[in-house]
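Keep in mind that the numbers below use all heavy atoms, side chains included, and drop hydrogens, waters and symmetry copies.
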Amino acid sequence: SIIDEKKNILLTNQAIYIEKDEIIKTIGKTKVETIEKYYIEGSDLLVDNINKIIKSEKKSTIKDQDGNLIFLENFEYSVDDNLFKSIGFIEIKDNNNNEYEFSQIYIDTKKKEILGTDSKAYLNNEYFKINPKNNPRIFSNTVNIKKDKSSFDKSIFTLCKYREKDKCPPWTIQSKKMLHDKIKKTIYYDNAIV
């Protein structure tokens, strides 16, 4: 059990400490609990106390305070900036049953905000569907996800069912910017094309 000066907790069965570099390398399964109550499960983490970084090149899972699960191929967490970043295939399953995919992500644990690129959002929550057969989804260049609102840049939205062989849906709404207000259950469009 290792607790840093900011009260982040690291748990592992085996670790190596390199004193001159102030680096800890965990071996095997490792758990981290950040001060903001983000829980990381991974393996073979590197803790750099000089640069205040925790990172891993192995698959890891992050669970946030709201119960959202974030699956990463790798990550780097800046302890001073309270910022996770990851590149590769990233998947989020939120507490409303929605699923997101990204190629790059930044998670600000202090602001509780997620920024991602090459976003695919599959809105599976039943309140969002007009008909149970609908498959609402938003694909966008970038997305900013907050607790109450999500904004999508250069986006395309449809409710249509999936079609065989990835054929385009019969209709879509494209917009420069799309805002999903989760409280009002409303989507707002800027410069929309139907």
Side-chain angles (χ1 to χ4, degrees), residues 1-121 125 140 142-153 179-183:
S1 175
I2 301 164
I3 301 173
D4 70 14
E5 61 192 31
K6 293 212 171 188
K7 307 291 187 229
N8 296 305
I9 302 168
L10 183 139
L11 302 169
T12 188
N13 287 327
Q14 189 175 358
I16 298 169
Y17 179 58
I18 304 167
E19 187 174 5
K20 68 179 178 80
D21 298 326
E22 292 189 45
I23 288 176
I24 299 166
K25 292 181 179 180
T26 70
I27 300 167
K29 290 185 179 181
T30 307
K31 293 182 181 182
V32 177
E33 179 184 331
T34 71
I35 189 70
E36 296 87 14
K37 301 298 181 201
Y38 282 72
Y39 299 91
I40 307 161
E41 288 191 17
S43 61
D44 303 335
L45 271 64
L46 183 134
V47 180
D48 182 338
N49 285 321
I50 292 173
N51 295 306
K52 306 292 186 216
I53 291 171
I54 301 171
K55 66 181 183 176
S56 176
E57 297 299 322
K58 302 273 178 95
K59 289 186 177 183
S60 303
T61 303
I62 299 172
K63 186 175 183 179
D64 68 15
Q65 295 172 333
D66 298 319
N68 302 313
L69 294 173
I70 304 158
F71 303 95
L72 311 163
E73 292 181 341
N74 58 64
F75 76 89
E76 182 174 302
Y77 175 65
S78 171
V79 175
D80 285 340
D81 299 329
N82 305 95
L83 188 69
F84 281 99
K85 62 182 175 180
S86 180
I87 296 173
F89 180 74
I90 300 144
E91 184 180 17
I92 297 177
K93 293 185 179 179
D94 73 13
N95 57 12
N96 291 317
N97 200 29
N98 299 312
E99 296 177 21
Y100 301 84
E101 295 174 3
F102 306 96
S103 64
Q104 187 173 359
I105 194 170
Y106 295 89
I107 305 167
D108 187 323
T109 61
K110 208 165 206 90
K111 293 180 183 176
K112 297 182 184 177
E113 181 176 358
I114 297 172
L115 301 169
T117 60
D118 302 321
S119 164
K120 293 181 179 180
N125 192 308
S140 66
T142 60
V143 65
N144 182 341
I145 302 170
K146 297 179 183 177
K147 186 170 183 165
D148 297 334
K149 293 181 182 176
S150 296
S151 64
F152 302 84
D153 292 326
L179 177 69
H180 177 211
D181 187 321
K182 298 171 190 173
I183 303 297

*Only counting residues at least two apart or in another chain, list the ones meeting side chain to side chain donor-acceptor pair (under 3.5 Å) with S151.*
none

*Euclidean distance, K149 NZ relative to I183 CD1, rounded to 0.5 Å*: 9.0 Å

*Measure from the side-chain N and O atoms of N96 to the backbone N and O of N98, and report whether any donor-acceptor pair falls under 3.5 Å.*
no

*Using the test side chain to side chain donor-acceptor pair (under 3.5 Å), find all partners of Q65 that sit at least two apart in sequence or belong to another chain.*
K112

*Interatomic distance, I54 atom CD1 to S60 atom OG [nearest 0.5 angstrom]*: 11.5 Å

*List the atom of N68, the atom of N95, and the distance in Å for their closest heavy-atom pair.*
OD1-N, 2.7 Å

_Just verifying a value: how many Å separate D108 CG and E36 CD, rounded to the nearest 0.5 Å?_
8.5 Å

_Heavy-atom pair of closest approach, residues E57 and N74_ = CA-CB, 3.9 Å

_Can you tell whether the side chains of K52 and D80 come within less than 4.0 Å, N to carboxylate O?_
no

*E41 and K29, any side-chain heavy atoms less than 4.5 Å apart*: no

*Taking all non-hydrogen atoms of both residues, which atom of I27 and which atom of T12 are closest, and how far apart?*
O-OG1, 3.8 Å

*Could you give all pairs that pass the ring pair (Phe, Tyr, Trp, His ring centres under 6.0 Å) test and reach residues 79-104, with sequence neighbours left out?*
F75-F84, Y77-F84

*About how many Å separate NZ of K25 and OG1 of T30, when rounded to the nearest 0.5 Å?*
13.5 Å

*asked:* How close do D44 and G28 get, counting heavy atoms only, and between which atoms?
replied: OD1-N, 2.8 Å

_Quick check: do K93 and E91 have side-chain heavy atoms less than 4.5 Å from each other?_
yes

*Nearest 0.5 Å please: distance from the NZ atom of K31 over to the OG atom of S1.*
12.5 Å

*Go through the structure and list residues passing side chain to side chain donor-acceptor pair (under 3.5 Å) with S78, not counting sequence neighbours.*
D81

*Considering all heavy atoms, the nearest D48-N51 contact*: OD2-ND2, 2.8 Å

*May I ask you to test the V47-D4 pair for a side-chain heavy-atom distance under 4.5 Å?*
no

*Using atom types as modelled and distance alone, determine if a side-chain donor or acceptor of T109 lies under 3.5 Å from a backbone N or O of N82.*
yes

*Minimum-distance pair of heavy atoms, taken over all atoms of T26 and L10*: CG2-CD2, 3.8 Å

*Roughly how far, to the nearest 0.5 Å, is the CD1 atom of I3 from the CD atom of E33?*
9.5 Å

*Any side-chain heavy-atom pair of L115 and T142 under 4.5 Å*: no

*Heavy-atom neighbours of K6 NZ exceed 12 at 6.0 Å*: yes

_Under the ring pair (Phe, Tyr, Trp, His ring centres under 6.0 Å) definition, can you give me all pairs with a residue in residues 17-63, not counting sequence neighbours?_
none

*Counterpart residues, side chain to side chain donor-acceptor pair (under 3.5 Å), relative to N144 (two or more places apart)*: E113

*Considering residues, nucleotides and ligands other than D21, do more than 12 of their heavy atoms fall under 6.0 Å from its CG?*
yes

